[in-house]
Number of protein chains: 2
Amino acid sequence: MKLGQATIKDIAKELNVSSSTVSRALKDYPGISDETKRKVKELAEKLNYRPNAIALSLRKSRSYTIGVIIPEVVHFFFSTVISGIEEVAYSRGYNVILSQTNEKIGREKSSIETMLSNQIDGFMVSYSKETENFDHFTRLLDQGFPIIFFDRSTDIPNAINIMVDDYKGAFDAVSHLIEQGYQKIVHLAGPKNLKISKERERGYRDALKNYGMEIQEEYIVECPVGSDEESKEITTNLLTTLPEKPDAFFANNDMAAVGAMAAAKSLGFKIPEQIGIVGFSNWQFCSMVDPSLSSVSQPGFRMGARATDMLLDIIEKKLDPQKITEPITLDTQLLIRNSSLRIKS
Amino acid sequence: MKLGQATIKDIAKELNVSSSTVSRALKDYPGISDETKRKVKELAEKLNYRPNAIALSLRKSRSYTIGVIIPEVVHFFFSTVISGIEEVAYSRGYNVILSQTNEKIGREKSSIETMLSNQIDGFMVSYSKETENFDHFTRLLDQGFPIIFFDRSTDIPNAINIMVDDYKGAFDAVSHLIEQGYQKIVHLAGPKNLKISKERERGYRDALKNYGMEIQEEYIVECPVGSDEESKEITTNLLTTLPEKPDAFFANNDMAAVGAMAAAKSLGFKIPEQIGIVGFSNWQFCSMVDPSLSSVSQPGFRMGARATDMLLDIIEKKLDPQKITEPITLDTQLLIRNSSLRIKS
DNA sequence: AATCTTAGTGCAAACGTTTGCAACATCGAT
DNA sequence: ATCGATGTTGCAAACGTTTGCACTAAGATT
């Protein structure tokens, strides 16, 4: 006995019928006698028959697999997105093949190539920080290949983007800080070439404007890496050198927020009394740090699930991608914790 | 023009040669004239030919894809393992298909089924907490199907296990606590059916023994869920009701450690002066909490990379699985931070 | 008795590749 | 001339399915 799985042919031979009959019997096609169906199914069960998805893919030119391209799995947000994708894909009978780019465009391109070789039915993409030219995507889109961009959206015409409402999340966060009486709010911004960073900065600016406050450009500081060390250094610097000391930080991400928190604490500032802090993404550790960190939570799971549902609808022609002209935005939620709550109501 | 990719047949037709010739030309088989090779390659380039991996899989009964089964992506440790897996698989020309069980055995079994349908070449498995019967694995192993168990190891004979040295990690952690002068060390243990939990507990016990300390069974408390809330509740309880109050906690995982930290802090204990805490896994947040959390770091990336290398070696027959009789253990590293360091040297 | 339905089944092609074998032409050596 | 060797190519089968079409045998209808 070799390792090989039982095939339709094996069943056919054993039962002295043709492969076609077996195939049809297994699928309950009309026009096969109940007797035959019974025998086929029994034997299939007995031989532990398992359809060969590869053969099926070849025949149907469909692989029932979607490709997911993300920067890094270790980012909490992306791992929640993956869960959402997985969940929906799985329940609708699709497989997920995964590739991380590690923020490298080379990896992005070659992953796309291998996935295409594998006759993937569609893509879910969050492109790398290095990606500035989108030809490798537009080529595919022009052929009508299903792609959905999530979190990091593009300006490609006809592309479907799904993202969280970064603008509103930032707007809410900063408004909250203002309402808590903070006056000199620094924005620890993200890499400028990502749309999400720009949107968050826009939310910051508009919130200030909305409250009639002046925007000071030196209060907007880019943290390209986004690590806590980087931010700790930057904020320490700000807190010791700026003539008008900031009294709050709105960070583009939670790591940066934690860095700011560490800096403020080690300089002897009280949080939230003297300095308020709000982060972005609501990583797990937000509730674990001391004081607990207020943050804007992004619905990663929902985003993954929603995007996958759309992608599969497009793949299965239940949805015409042309119909989707607006980017889809999901609501964020500001979670107020102790790092920014100095007015106890 | 339809969406379809160019195939070997297309090239063959255009050049008036046979598919065989094209196939061989593309692969630089000997016995094809340089002239033909040139023409074929040129046209392939021009048509943007991309081999159909599905057809190849069918032909070769090999999919160049490995299946990864893990409990949850959102666990930091697992996400680092995935990175390791991905890295190696990618560089050796394999795809990774991923499935999370969410700790459910049903999902585990059905994921395995679909992956097998997809003619996966091998499995990397970290089984679910619910898994107590391993028949669905032994069946495959008996057929000679390549499987490697990582992190959560099994007792299945002939199975290949790769894990971190949980015993030593725990031993080191507890020894460190003792050396710091802590006397009444509680172990917040993990689910009893996981070998990793047992090993960590064993390390705890042996460290105490090694220092001639008595083991008190009421100091070993199971935290089945492993969340910070659960542990906070449990430790609060311990700290308020036990006749002899514990002065240190060695937790089976970092979340539980953070829960203990929160409990101790809110009861007014000073860390590390009055209470010492050490966690396990070295999640990102360890350095971010206050005081920073000592923890045993597990080499997730290395584990993923190493395991994948072995799996692919087995798949490619470069390695005989029979030869591997001992489980492979990777060294852990105790990272001492402020939560357990009260003797400044 | 001749024709028409109908139920049940099988044939063969197709999906895109690879590969053992055979076929052919050309050329040099006998 | 004949034989072998050599270089180049094509044929056809195979991997496991699905599916349009054709076929058979039986029963129903005239």
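The shown structure was predicted, so the numbers you read here are calculated from the model rather than taken from an experiment. We name chains A, B, ... by the order of the sequence lines, and we start the count at 1 in each one.
- Side-chain nitrogen and oxygen atoms of A:T7 include none within less than 4.0 Å of the OP1 or OP2 phosphate oxygen of D:dG16.
- Using a 4.0 Å heavy-atom cutoff across all strands shown, B:S57 reaches no nucleic acid atom at all.
- Residue-level contact check: A:S61 touches neither bases nor backbone, having no heavy atom under 4.0 Å from any strand.
- Nucleic acid contact class of A:P51 (heavy atoms, under 4.0 Å, all strands): sugar-phosphate only.
- Both the sub-6.0 Å distance and the 45° axial angle are satisfied by A:R62 relative to the ring of A:Y64.
- The nearest heavy atom of DNA chain C to B:A55 and to A:N16 marks one nucleotide each, and the one closer to the 5' end goes with A:N16.
- With DNA chain D read from its 5' end, the first of the two nearest nucleotides for B:R59 and A:R59 is the one closest to B:R59.
- Positionally, the nearest nucleotide of DNA chain D for B:V17 lies more toward the 5' end than for the other of A:S19 and B:V17.
- Within 3.5 Å, a donor on the side chain of B:S20 pairs with an acceptor on the base of D:dC11, or the reverse.
- When each of A:I97, A:V96, A:I82, A:I85 is tested with B:L98 by the rule side-chain contact (heavy atoms from CB on, under 4.5 Å), just one qualifies, namely A:I82.
- Look at B:E42 and B:K46 and you find no salt bridge, because none of the NZ, NE, NH1 or NH2 atoms lies under 4.0 Å from a carboxylate O.
- Close to C:dG8, at under 4.0 Å from its OP1 or OP2, lies no side-chain N or O of A:T36.
- Among the heavy atoms of the strands, none lies under 4.0 Å from A:D10.
- In this structure, of C:dT18, D:dG10, C:dG8, it is C:dT18 that holds the atom nearest to the side chain of B:L56.
- Between C:dT18 and B:S23, a contact under 4.0 Å exists linking OP1 or OP2 to a side-chain N or O.
- The aromatic rings of A:F134 and A:Y127 sit perpendicular to each other, their planes meeting at more than 60°, with 30° as the lower class boundary.
- We find that CG of B:L26 is positioned 8 Å from P of C:dT18, with the value rounded to whole Å.
- For the pair B:Q119 (side chain) and A:N52 (backbone), a donor-acceptor distance under 3.5 Å is absent.
- Note: NZ (B:K39) to P (D:dT8) measures 14 Å, nearest angstrom.
- In this structure, B:K60 does not reach the D:dA14 phosphate: none of its side-chain N or O atoms is under 4.0 Å from OP1 or OP2.
- The base of D:dG16 lies outside donor-acceptor range of the side chain of A:R50, with no N or O pair under 3.5 Å.
- Between the C1' atom of D:dT19 and the NZ atom of A:K27 lies a distance of 12 Å, rounded to the nearest Å.
- For A:Y29, no side-chain nitrogen or oxygen approaches OP1 or OP2 of D:dT17 to under 4.0 Å.
- Between B:N52 and B:R24, it is B:N52 whose nearest contact on DNA chain C lies nearer the 5' terminus.
- Going from atom CD of B:Q5 over to atom C1' of C:dC15 covers 15 Å, rounded to whole Å.
- Using a 4.0 Å cut-off between a side-chain N of Lys or Arg and a carboxylate O of Asp or Glu, A:E87 and A:R302 do not qualify as a salt bridge.
- The NZ-P distance, from A:K13 to D:dG16, rounds to 10 Å in whole Å.
- Spacing between atom CD1 of B:I8 and atom P of C:dG16 amounts to 11 Å, rounded to whole angstrom units.
- Residue A:T21 has a polar side-chain atom (N or O) positioned under 4.0 Å from OP1 or OP2 of C:dG10.
- The CG atom of B:L58 sits 12 Å away from the P atom of D:dT18 (whole-angstrom rounding).
- Rounded to a whole Å, the CD1 atom of A:I32 is 10 Å from the C1' atom of C:dA7.
- Dashed line: the shortest gap from a side-chain N or O of A:K9 to OP1 or OP2 of D:dC15 is under 4.0 Å.
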